[in-house]
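Note sheet for the following structure.
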Amino acid sequence: MGTIHLSRKAFFNNADYYSTLLGDKNKLCMALKDNAYGHGIEPMGQLCQEYGIKHTIVRTLDEAHRANPYGFETILILYEIPIKDYPSNYIFAINSIDDIHNYPANTNVELKIDTGMGRNGIMPCEIQEALQFIIERSLNLFGVFTHFCCADEQNGKTSQQEHLFAQCIEQIKQTLLEPFRIHCANSTGAHRIDNTKYDLGRIGIGMYGYIDLPQFEKNVTAVLSLYAKKISTRILTKGQSVGYGATFPINDESFTVSNYDIGYGDGFFRLNERKNALIKDGRKILGRISMDSLSVQGDDDEICIFDDATHLAHVHDTIHYEIVTHLSPTLKKVIT
């Protein structure tokens, strides 16, 4: 199969940028959820450890176990309810007031507040009830957080959410005397708020090299590049074709084409005669993508299919998140 290359230089550049934006390297909370956005928890955990990142976010306990060897002081688990005691650096998000009753005593928890996302978290009107249940269940409230729904939009929604969040925090502080950490910003949100007011910035796609704000996107560099190795080469002539459906006919008397070991079975979105894409050096991917391979003119032993997901996101009318998170977790990963 093909190989994912992960650039240490690009990652450190992105980490430097966000450390400056947040005002403190120790405020960086790296999102390693969903297999580190397709980059691989283990290699990205290694890079986090090298840089000195102390906090991370994952989706499940399995991901927490995979991230734990890399020295994180806190691991926030977003979508799983614990059934027993876990390491002291594991923190579990409360996404629903009903779930509080299912947490074992002494569990470290963070209360998520829905300030306008309309998705997960307790509603502001449920705060007192939630705090009562947290106290009754002898849970350890480690933090309180919210999530912005429109940080990449200029519609005023982020300011509204932040204002409501501040009111919620004051209400909680009136009930609980113990300190707790507070955070709300994601990769784009960190550009919209005064980060000195918060303890963390939950940075995901920005650390991988993408920002959904055109004026800032030049400040980060894509970490992931996808490479493929040659399977075979042949010289085709006029009247022959490449791939399923014969959708790429040959019009030259001599046309050299090679087949490479990346296909839609590896999570690389399928291309056909209605969707055309280029590899990094500008050559066109020919015909229909197969399950295990794709074809390009030439006879290179190895090609870089992409080192930035933006072009493919435009081709498939989606976002770069989807391009990288769909890459197969079985693809070999190499830190360069």
Exercise for the section: Kindly state each residue pair satisfying side-chain hydrogen bond (donor to acceptor under 3.5 Å, both in side chains) with at least one member in residues 282-295, sequence neighbours excluded. Expected result: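 Passing the test, one end in residues 282-295: Asn259-Ser293, Asn259-Ser295, Glu273-Arg288, Asp281-Arg283, Arg283-Asp300.
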
Could you tell me whether the side chain of [X] and the main chain of [Y] form a donor-acceptor pair under 3.5 Å?
| X | Y | value |
| --- | --- | --- |
| Asn108 | Ser88 | yes |
| Asp34 | Ala36 | no |
| Asn35 | Ile41 | yes |
| Tyr210 | Ala309 | yes |
| Asn14 | Ala10 | yes |
| Lys27 | Arg202 | no |
| Asn195 | Ala190 | yes |
| Ser258 | Gly298 | yes |
| Arg181 | Phe142 | no |

Exercise for the section: Please confirm whether Phe133 and His101 have ring centers closer than 6.0 angstrom. Expected result: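 Centroid distance Phe133-His101: below 6.0 Å, so yes.
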
Does some side-chain heavy atom of [Y] sit less than 4.5 Å from a side-chain heavy atom of [X]?
| X | Y | answer |
| --- | --- | --- |
| Pro82 | Pro104 | yes |
| Ile172 | Leu131 | yes |
| Gln49 | Phe72 | no |

Practice task
Salt-bridge test for Lys280 and Asp307: reply yes if a basic N is under 4.0 Å from a carboxylate O, no otherwise.
Solution key: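 A salt bridge is present here (some side-chain N lies under 4.0 Å from a carboxylate O).
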
Exercise for the section: Taking all heavy atoms of Thr115 and all of His147, pick out the closest pair and write down the distance. Expected result: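 Closest heavy-atom pair between Thr115 and His147: OG1-O, 4.4 Å.
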
Practice task
Would you mind listing every ring-ring contact (aromatic ring centres under 6.0 Å, His included) that reaches into residues 37-59, with sequence neighbours excluded?
Solution key: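 Listed once each, the pairs are Phe12-Tyr51, Tyr37-Tyr208, His39-Tyr208.
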
Determine the interplanar angle of the [X] and [Y] rings, folded into 0 to 90°, and report it as parallel if under 30°, tilted if 30 to 60°, perpendicular if over 60°.
| X | Y | value |
| --- | --- | --- |
| His183 | Phe145 | parallel |
| His191 | Phe216 | tilted |
| Tyr86 | Phe92 | tilted |

